[in-house]
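Everything below concerns the one structure shown next.
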Amino acid sequence: MNSVNSILELLSINPPGWGGVLLTGALATLLISMGAYFLGMVLGLFGAFGKLSGFRSIEWLLQLYTTVVRAVPELILIIALYYAGTDGLNRVLALVDLGPLEVNGLLAAVIVLGFVQGAYMTEVLRGAILAIPVGQLEAAKAFGMRPALRFRRVILPALIPNALPGFANLWMGVVKDSALIAVVGYQELALAARMAASNTKQYMVFFLAAAAIYLTITLISNQIFTALEAYYRRGQRALA
Amino acid sequence: MDFSWVASYADLLVRGAAITFLLLSISVSVGFALAILLAVAQLGAFFPLRWLSRGYCTFFRGTPLLIQLWLLYYGLGSYLPFIPGLRASFLWPILREGFFFAALALTLNFAAYQGEILRGAMLSVPKGELEAARAFGMSPGKILRRIWLPRAIRIALPTFAGEVVLQLKATPIVFSVTVMDLYGAAYKIRQDTLLVYEPLILVTVFYVGLTFAITQVFQKLEKSVPSRR
């Protein structure tokens, strides 16, 4: 086993140590997760309203989207979408006589994970919208609110507390799923740790360090979501 | 779409499917046994065990499975040869394989999630039933065995199917530690034939089919368990 000193040296921020690489990886993980999370939220919002829209064809299409994405292993989805996405883009570019494009790894990761998140978000938001008492929506309509105003003043404030537990789960999920991006070769935290580990042969040290960083992210997020839910449930009767 | 390769790779695919199924069954069954210990330890009065099991669940639920797998395979795996006598023992051929670490990581991970669920289920067993058992003079061990655990498992049963499906969907990453599971087979076919989508589509159909089978089996199981709501 190494002494404490040499482990600290390995993890130091400055170049002989690999701490800087790990932290850059952690930043990439956070960026990917946040990007995918917010993209997923937007997709989920459209998906939820689409599913509740009453148009048969849209509902059927969205049902297909959420079912397929939730039934297929994430790793396979990520790899298939990653290749299909870049491949498709380059084919379109070739049609309009532009050469192949090197797709930005971060952007691709965000889009792929965001697409997966969108399916789960659709279900969370659909449930949260359905849990709003119908009377509140009818009252808003009776006051003559336009749909946009109704969404902003009534639906959104009422759905946030319902959706928050699901949002929290999905955030934890996307942080952990972002590690799968390592498999397609984008250097986020997991791949950074693997590179540092294989360069120094100190596998235990670097994977434990990466695990500690992931754990810090999830534990802090947990606190934030607990606080958020307490804030948005203010004035509501305590559950059970 | 070109599926002419299927016949020549049928062997690899079938073996891959068997390995995926084996990993799933090992991790679910051993993980469930471990989860019972974790849940009981978390509710127990002995605080070192309580802290240990709580820390275990937090760690395994708060970090990606990929990191856990690599930590075990590369990290723990690099220390194993230094344990005296292990290299010569009959266990070595098993401990050298990626499959062992894949099964270990999946099991430990499943146990953490399932342990947390069981803990919640044990807490929601009606107090009156436990008091009745105590009034009958049952020992704590007997209460656990006869009343508390069976009731908790019954309460947790509906979520169990979902957890098993999630576990199935987590298995493909074992290919990153050289295990030739179903996804590993698809990966190899892609390298050999340069076909990207066809192998992925084929294994996806298998995963979705197995998911469907799992949900059917658990629906049967749920119906066979008597319950009153």
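Note that the structure is a prediction, hence the values are computed from the model and not measured.
The two residues B:K169 and A:E74 have their closest heavy-atom pair at NZ-OE2, 3.7 Å. B:S176 and A:R194 make their closest contact through O-NH1, 4.4 Å (heavy atoms, listed as atom of the first residue, atom of the second, distance). Heavy atoms only, all atoms of each residue included: A:K176 and B:P64 are closest at O-CB, 3.6 Å. Here the shortest heavy-atom pairing between B:Y197 and A:A80 reads CE2-O, 4.3 Å.
Both the backbone and the side chain of A:L215 come within less than 4.5 Å of a heavy atom in chain B. Proximity to chain B is absent for every atom of A:I213, based on heavy atoms less than 4.5 angstrom apart. Residue contact with chain B, scored on non-hydrogen atoms closer than 4.5 Å, involves the side chain of A:A182 exclusively. Interface remark: A:V183 contributes side-chain atoms only to the contact with chain B (heavy atom separation under 4.5 Å).
Around the CZ atom of B:F21, the shell of radius 6.0 Å holds no more than 12 heavy atoms that belong to other residues, nucleotides or ligands.
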>> If you apply the rule side-chain contact (heavy atoms from CB on, under 4.5 Å), what do you find for B:V203 with A:I76, and how did you get there?
In response: CA-CA 9 Å; B:V203 298; A:I76 291 182; 3.9 Å; yes

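Inspection of non-hydrogen atoms places B:T58, B:F59, B:R61 of residues 52-61 of chain B under 4.5 Å from chain A. Residues of residues 66-77 of chain B lying under 4.5 angstrom from chain A, judged on non-hydrogen atoms, are B:L66, B:I67, B:W70, B:L71, B:Y74, B:G75, B:L76 by number.
For the options B:I201, B:T204, B:T211, B:L168, heavy-atom pairs under 4.5 Å to chain A are most numerous at B:T204.
For the atom pair CD1 of A:I79 and OH of B:Y183, the computed distance is 2.5 Å after rounding to the nearest 0.5 Å.
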